Amino acid sequence: MRIASWNINGVKARLETVLAWLKEASPDVACFQEIKSIDDKFPKAPFEELGYHVETHGQKGFNGVALLSKHPFEEVNRRLPGDEEDEQARYIEGVVAGKTQPLRFGCLYLPNGNPVESEKFPYKLKWMDRLIEHARDTLAREEAFVLLGDYNVIPQKDDAARPQDWVEDALFKPESRARFRTLMNLGFTEAIRATNKSSGIYTFWDYQAGAWQKDNGIRIDHLLLSPEAASILTSTGIDKHVRGWEKPSDHVPVWADLSA
DNA sequence: ATGTCAGCGGTGCGCTGA
């Protein structure tokens, strides 16, 4: 079963690109971020025609996440617990039946957090604290659980082509990286790093300053596996070629195959 | 060379967020 995550940067602007990739990669489960659409305006039909069940959690203009699955959802939950006042649409969770066990997917769009001197950085850190608490509760279920999405965190120097450019950025600040480590230390396995130790593997290239042409990328899209999911991990990939397509997102799809 | 893009409000194109 192939599980994928992709920040698509707008479902309406990216519809043909996203459909082309789904036809090519045919993931069983896909988690999309930055759909930039309210739920009622999300173009579900073309995805359903490809065999997907579609669940969205969107808002007007920005943010928004969607969870697609070829298998029907047994459960869907929207919003990250821990702050009833938080209006930003950044989390959707779904459960599907695997061959031998339920499979739970937490699809997230973690706040960017820039500029760091604004209120956006503490919002990011607070959101990460809530994510850690929700992950801790969910891991206690002892299910195959994949927590995947655009984390907006560069975990290590090796995850950036030019780490020196990011030292003052919310994506690489010690406070962000420390929370990512705390999350990992709950017992997750990071799928890409578990299968590929090389440097120079990225998931995002800025639209500006010829970042793609210079391969000036960063690795910020991650799939975190619970122990039960990690034990059935077989392979992973980053569909880098998609960044070279017409009208690309600035992110590319990342995926993991599970024997489930 | 901070060199781009998407969505909004409202039908121009400056602002916001990334």
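Order of the sequence lines sets the chain letters (A, B, ...), proteins ahead of strands, with each chain counted from 1. The shown structure was predicted, so the numbers you read here are calculated from the model rather than taken from an experiment.
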_Dot-bracket pairing map - DNA chain B, Watson-Crick plus G-U, both contacts under 3.5 Å, | cross-strand_ = ...((((((...))))))
*Between A/K124 (NZ) and B/dA18 (C1'), how many Å, whole number?*
11 Å
_Integer-rounded Å distance: B/dA18 P and A/Y123 OH_ = 9 Å
_In whole Å, I'd like the distance from the CH2 atom of A/W205 to the P atom of B/dC5._
16 Å
*Give the rounded distance in Å between these two atoms: CG of A/L110 and P of B/dG17.*
17 Å
_Chi angles and distances behind the side chain to side chain contact (heavy atoms under 4.5 Å, CB included) call for A/N7, A/F32_ = CA-CA 6 Å; A/N7 180 322; A/F32 294 144; over 6 Å; no
*Just how far, in rounded Å, is P of B/dA1 from CG of A/D206?*
18 Å
*So which heavy atom on A/P27 is nearest to which on A/A30, and how close?*
CG-CB, 4.2 Å
*Establish, from distance only, whether the side-chain atoms of A/S37 and A/K60 form a donor-acceptor pair under 3.5 Å.*
no
*Looking at every strand, decide which applies to A/Y109 at a 4.0 Å heavy-atom threshold: base, sugar-phosphate, or nothing.*
sugar-phosphate
_Pairwise C1' distance for B/dG12 and B/dG7, with rounding to whole Å_ = 15 Å
*With sugar-phosphate meaning primed atoms plus P, OP1 and OP2, does A/R243 contact a base, only sugar-phosphate, or nothing at under 4.0 Å between heavy atoms?*
nothing
*asked:* Output one letter per nucleotide in nucleotides 6-12 of chain B: B when a protein non-hydrogen atom lies under 4.0 Å from the base, S when only the sugar-phosphate is that close, - when neither is.
replied: SSSS---
*Sticking with atom P, work out how far B/dA6 lies from B/dG10, rounded to a whole angstrom.*
22 Å
*asked:* Rounding to an integer number of angstrom, what distance separates B/dA18 and B/dA1 when you compare their P atoms?
replied: 27 Å
*asked:* In whole Å, measure the gap between the P atoms of B/dG3 and B/dC8 for me.
replied: 25 Å
*asked:* From CG of A/N216 over to P of B/dG3, roughly how many Å is that when rounded to an integer?
replied: 15 Å
*Measure the distance from CZ on A/F121 to P on B/dA18 and round it to the nearest whole Å.*
14 Å
*For A/Q33 and A/S5, test the side chains for any donor-to-acceptor distance below 3.5 angstrom and give the result as yes or no.*
yes
*So, do A/F180 and A/H222 sit near enough that their side-chain heavy atoms are less than 4.5 Å apart?*
yes
*asked:* Which heavy atom of A/S69 sits nearest to which heavy atom of A/V96, and what is that distance?
replied: OG-CG1, 3.5 Å
*asked:* Tell me the interatomic distance from A/N63, atom CG, to B/dT16, atom P, rounded to whole angstroms.
replied: 16 Å
*Where is the tightest heavy-atom contact between A/K240 and A/V252, given as atom of each residue plus distance?*
O-CG1, 3.9 Å
_Residue pair A/F42, A/F47: steps toward the ring-ring contact (aromatic ring centres under 6.0 Å, His included) verdict_ = CA-CA 10 Å; A/F42 189 97; A/F47 296 98; 5.5 Å; yes
*Atom CD of A/E75 with >12 non-hydrogen neighbours under 6.0 angstrom*: yes
